[in-house]
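First comes the structure, then the notes that go with it.
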Amino acid sequence: MFITMALSSSAVIHNHMNMNINMKRFDMARVHQELTLEIPKSKRPNRAMNLAESICNVLHRPPSRSIDLLRYHEEKLSTPTMSPREDISQKWRQIHGCSNWENILDPLHPCLRREILKYGEFSQATYDAFDYDSLSQYCGSCRYNRNKLFQKLGLSRNGYAVTKYIYAMSHIDLPRWLERSLVPDTWSRDSNWIGYVAVSDDQETRRIGRRDIVVAWRGTVAPCEWYEDFQRKLDPIGKKGAKVEHGFLSIYTSKSDTTRYNKSSASDQVMKEITKLVKFYEEKGEEVSVTITGHSLGGALALLNAYEAAYKVPNNVPISVISFGAPRVGNITFKQELEEMGVKTLRVVVKQDWVHRMPGLVFNEAFKVFDEITSLEWVYTHVGAELKLDVGSSPYLKGGGMNLSGFHSLETYLHLVDGYLSSETPFRNEAKRDVALVNKYCDMLVDELRIPQSWYQLANKGLVCNDHGRWVKPKRDPDDIPSHHDDPLVPDETQTYMMTLVSS
């Protein structure tokens, strides 16, 4: 279960620096060079310093940095965290992969960067709103009802509204993707909140050139724990020889009449909502797209969702997947079918993250010998275009050690996307996203920034002081309590809600 990973080494280049630099005007390329150890000029080499530098190189860990990084970071604290969003109505098809993202990934087109970040934030919402507290009777649910999800998480600015929550179960025992409450009177024993469907409002629709239906899937809580479960058996899907990983498919398709939230599977829930939304907007004469996103396990579920949608949604509806740190899902036939059906997939991966190398660590699409033996069911294959990021490109991140959770964290991904210009240039100076977000659930930021690790949590770990001075777990707002009765909207409510979106 433990993975042997080779520690990479890289040479550290020390340039002669101009000591009269005005720090308020330096660009990030200069910062990236100056954050290495400041070795004093000397006619004789400093052997102790050279030894320290060599050790750092072997461990892939940068030497100690100067305080200038903190100063530069503090100067950005009074600047906006978002760039103005441009009108992409005339170029949205290219941004969403009609040409497989050729010539706009390296260097990365600014409009594509902003769209990737938007969908990444939708994916991140599935973690930020998820109730992980095993002592809560609502463990495994979303903390907020769908009408206030984006408002609570600061995502209302993106111009989308949630129309449907998705719940999933599995008929196989998969550690840590399914959170269970230790409280006897729990909301559900079998299911977890796994994602949601949202749709763009009128203003965002005009900006992006079509009505966009988004599906966001949640990933695993601790990805290192499911390595053994997601690497062996492939199950058939479709009718042309495609096969996909057994565990992923079980989560996507499992259902049981004895459960409260999964009398229908996650697959049934999401496809019913997508089909309904597409039909509604197409009957109004609007152009519609379906964009599916997810991180880790969520990226795998996104690909299964896209495969099914490509069969069941009208051919004129573009379907794209933007995933982050997603593992391989199926065999070569699965990949070929997705491509033949026109599904466009962009995989964002981090070089140091090992999850996207699974399953198929050894036998995968990299081996050209398999071109002639595509029927081998154990040859896992990635799908689509790849945007590859490197932790070492950011001066804000710790690059050394075996920080598996930090390398895999979605906030690390979003930070690197925000700073990426091209594979040949350093971290961009104009990056807007708040650097502190990187340490939400891990310890990836350099110590000089003084951002606590894993700082994102409920105040007092969820306890509140009642009127008698007792510290207790608060009761949820009645609107935020999961209910299997009112989650899917009845037809009349759906029509009213759609009209509200159209006129918003």
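Quick caveat, the model's predicted, so the values are computed rather than measured.
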Fit a plane to each ring of F130 and W193, take the angle between them on a 0 to 90° scale, and name the class: parallel (under 30°), tilted (30 to 60°) or perpendicular (over 60°). parallel
Which class fits the ring pair Y132 and Y441: parallel under 30°, tilted 30 to 60°, perpendicular over 60°?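 Y132 and Y441: perpendicular rings.
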For a 4.5 angstrom cut-off between non-hydrogen side-chain atoms, does [X] reach [Y]?
| X | Y | result |
| --- | --- | --- |
| N262 | S256 | no |
| L338 | K335 | no |
| R260 | Y167 | no |
| F122 | T291 | no |
| Y196 | C142 | no |

For the ring pair F407 and W354, is the centre-to-centre distance below 6.0 Å?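 That pair fails the under 6.0 Å test.
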Aromatic centroids of F150 and Y160 separated by under 6.0 Å: no
Are the side chain of D418 and the backbone of R433 linked by a donor-acceptor contact shorter than 3.5 Å? yes
Mind checking what makes salt bridge (Lys or Arg N to Asp or Glu O under 4.0 Å) contact with R93, not counting sequence neighbours? E287
Going by the rule salt bridge (Lys or Arg N to Asp or Glu O under 4.0 Å), which residues pair with K279 if we only count those two or more places apart in sequence or in a different chain?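 Here the qualifying residues are E283.
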Would you call D212-R210 a salt bridge at under 4.0 Å N-O? yes
Salt bridge present between K276 and E273 (N-O < 4.0 angstrom): yes
Have a look at Y127 and tell me which of H295, E411, K440 forms a side chain to side chain donor-acceptor pair (under 3.5 Å) with it.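 Of the listed options, the one satisfying the test is H295.
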Show which side-chain atoms of residues 316-323 pair as donor or acceptor with protein atoms under 3.5 Å away, not counting sequence neighbours.
from : atom 1 : to   : atom 2 : distance (Å)
N316 : ND2    : E282 : OE2    : 3.0
S320 : OG     : H96  : ND1    : 3.2

Can you pull out every salt bridge (charged side-chain N to carboxylate O under 4.0 Å, His left out) where at least one residue sits in residues 456-466? Sequence neighbours excluded, please. none
If you count heavy atoms of other groups shown closer than 6.0 angstrom to NZ of K473, is the number above 12?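 Correct, the count exceeds 12.
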Only counting residues at least two apart or in another chain, list the ones meeting side chain to side chain donor-acceptor pair (under 3.5 Å) with D443. K398
Could you work out, with ring-ring contact (aromatic ring centres under 6.0 Å, His included) as the rule, every residue matching Y252, not counting sequence neighbours?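 So Y252 forms a ring-ring contact (aromatic ring centres under 6.0 Å, His included) with W217.
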